[in-house]
Amino acid sequence: KKQYNSYDELLDYCSRSANPVGRLILELHNIRSVEADILSDYICTALQITNFLQDVEIDFQKGRIYLSRNEMELFGVSRIGFEEREINLNFKQLIEFNVDRTQKLFEEGKNLIKFLKGRLKYEIKWTILGGEAVLGKIRENDYNVFVRPSLNKMDFIKLFLKALK
């Protein structure tokens, strides 16, 4: 699909793409809990949306916009703005809104850690920290997602060490 009409449509996509991966990992580690499933869904959805925000430029070049149509209209952002790479106040507010909402999903999902043990616990913590770091890069770049926010080797090392705490 080239664009979703609403955030709910995007969440539905995540429920069928990203979220089953998290639930499968839980199942493989014998973690069977409705609460853990819900928390995993928050994290997986947040990771998927973070990826969409990180790849706005790449996706647009492929004819896709994963910011919902109704929210673009709400913030006064048009497809022409994408074509012209226009980073105006409306565009920044749209991206900020999505970054903040995605951060909240990470925050809600972090309680999954209490269900995890051993290596999986640290891998998931590191994954969450990585997603949050990408959101941080978007903020640092003043919500200009036409320049792809990415983590470097030093970022990964810092996040790894932070995950061990």
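The CG atom of Leu53 sits 10.0 Å away from the CG atom of Asp59 when rounded to the nearest 0.5 Å. Summarising the geometry, atom CG belonging to Leu94 is positioned 5.0 Å from atom CG belonging to Leu67; distances are rounded to the nearest 0.5 Å. Between the CG atom in Leu135 and the CG atom in Leu105 there is a gap of 10.0 Å [rounded to 0.5 Å]. The CD1 atom of Ile43 sits 3.5 Å away from atom CD1 of Ile128, with the distance rounded to the nearest 0.5 Å. In this structure, Tyr42 OH and Phe106 CZ are separated by 14.0 Å, a value rounded to the nearest 0.5 Å. In this structure, OG in Ser15 is found 8.0 Å from CG in Asp41, a value given to the nearest 0.5 Å.
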Donor-acceptor pairs are to be reported for all side-chain atoms of residues 70-78 against protein atoms at under 3.5 Å, with residues two or more places apart or in another chain.
from: Asn70; atom 1: OD1; to: Ser68; atom 2: OG; distance (Å): 2.9
from: Glu71; atom 1: OE1; to: Ser68; atom 2: OG; distance (Å): 3.4
from: Glu71; atom 1: OE1; to: Arg101; atom 2: NH2; distance (Å): 2.9
from: Glu71; atom 1: OE2; to: Arg101; atom 2: NH1; distance (Å): 2.7
from: Glu71; atom 1: OE2; to: Arg101; atom 2: NH2; distance (Å): 3.1
from: Ser78; atom 1: OG; to: Ile80; atom 2: N; distance (Å): 3.4
from: Ser78; atom 1: OG; to: Gly81; atom 2: N; distance (Å): 3.3

Run the side-chain donor-acceptor check on residues 111-123: report pairs under 3.5 Å with partners two or more places apart or on a different chain.
from: Lys114; atom 1: NZ; to: Glu35; atom 2: OE2; distance (Å): 3.3
from: Arg119; atom 1: NE; to: Glu123; atom 2: OE2; distance (Å): 2.5
from: Arg119; atom 1: NH2; to: Glu123; atom 2: OE2; distance (Å): 3.2

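Scored by the side chain to side chain donor-acceptor pair (under 3.5 Å) test, Arg69 finds Gln3, Asn5 as partners (sequence neighbours excluded). Checked against salt bridge (charged side-chain N to carboxylate O under 4.0 Å, His left out), Arg148 has the following partners two or more places apart in sequence or in another chain: Asp55. Applying the salt bridge (charged side-chain N to carboxylate O under 4.0 Å, His left out) rule to Glu86 yields no partners; only residues at least two apart in sequence or on another chain are considered. A search for salt bridge (charged side-chain N to carboxylate O under 4.0 Å, His left out) contacts involving Glu96 returns nothing, not counting sequence neighbours. Residues passing the salt bridge (charged side-chain N to carboxylate O under 4.0 Å, His left out) test with Asp8, sequence neighbours excluded: none. In this view, Val147 and Asn141, Asn144 satisfy the side chain to side chain contact (heavy atoms under 4.5 Å, CB included) rule, not counting sequence neighbours. Applying the side chain to side chain donor-acceptor pair (under 3.5 Å) criterion to Arg32, with sequence neighbours excluded, gives Glu27, Asn30.
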Evaluate side-chain contact (heavy atoms from CB on, under 4.5 Å) for Tyr13 paired with Phe52, printing each intermediate quantity in order.
-> CA-CA 12 Å; Tyr13 168 77; Phe52 287 154; 3.7 Å; yes
Would you check, one step at a time, whether the test salt bridge (charged side-chain N to carboxylate O under 4.0 Å, His left out) holds for Lys104 with Asp100?
-> CA-CA 6 Å; Lys104 287 177 186 167; Asp100 290 348; over 6 Å; no
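Shortest non-hydrogen contact noted between Pro20 and Cys14 is CD-O, 4.0 Å. Here the closest non-hydrogen pair linking Gly63 and Lys2 is O-CD, 3.3 Å. The heavy-atom pair separating Leu10 from Tyr66 by the smallest distance is CD2-O, 4.0 Å.
Leu28 shares a hydrophobic cluster with Leu24; the chain of contacts runs through ILVMFWY side chains whose heavy atoms sit under 4.5 Å apart.
Under a hydrophobic clustering in which Ile, Leu, Val, Met, Phe, Trp and Tyr are joined whenever their side-chain heavy atoms come within less than 4.5 Å, directly or via other members, Met154 and Val134 fall into different clusters. Neither Val56 nor Leu89 shares a network with the other; the hydrophobic side chains, linked directly or stepwise wherever heavy atoms of I, L, V, M, F, W or Y lie under 4.5 Å apart, form separate groups for each. Tracing side-chain contacts under 4.5 Å through hydrophobic residues (I, L, V, M, F, W, Y), one reaches Ile25 starting from Val34; they form part of the same cluster.
Checked options Ile138, Thr50, Leu47; the residue passing with Thr102 is Thr50 (criterion: side-chain contact (heavy atoms from CB on, under 4.5 Å)). Under the side-chain contact (heavy atoms from CB on, under 4.5 Å) rule, Leu26 has a single partner from Val21, Ile31, Leu39, which is Ile31.
For residues 155-165, the pairs satisfying salt bridge (charged side-chain N to carboxylate O under 4.0 Å, His left out) are Lys137-Asp155, with sequence neighbours left out. The ring pair (Phe, Tyr, Trp, His ring centres under 6.0 Å) contacts involving residues 124-148 comprise Phe82-Phe146, Phe91-Phe146, Trp126-Phe160, where partners must be two or more places apart or lie in separate chains.
The closest donor-acceptor contact from the side chain of Gln54 to the backbone of Pro149 lies under 3.5 Å.
In summary, the side chains of Asn19 and Thr45 do present a donor paired with an acceptor at a separation below 3.5 Å, with no hydrogens or angles considered.
Arg85 is listed as a side-chain neighbour of Glu57, based on a closest heavy-atom distance under 4.5 Å. Residues Ser40 and Asp37 have side chains not in contact (no heavy-atom distance under 4.5 Å, counting atoms from C-beta outward).
Counting heavy-atom neighbours within 6.0 Å of Lys62 NZ, excluding the residue itself, gives a total of 12 or less.
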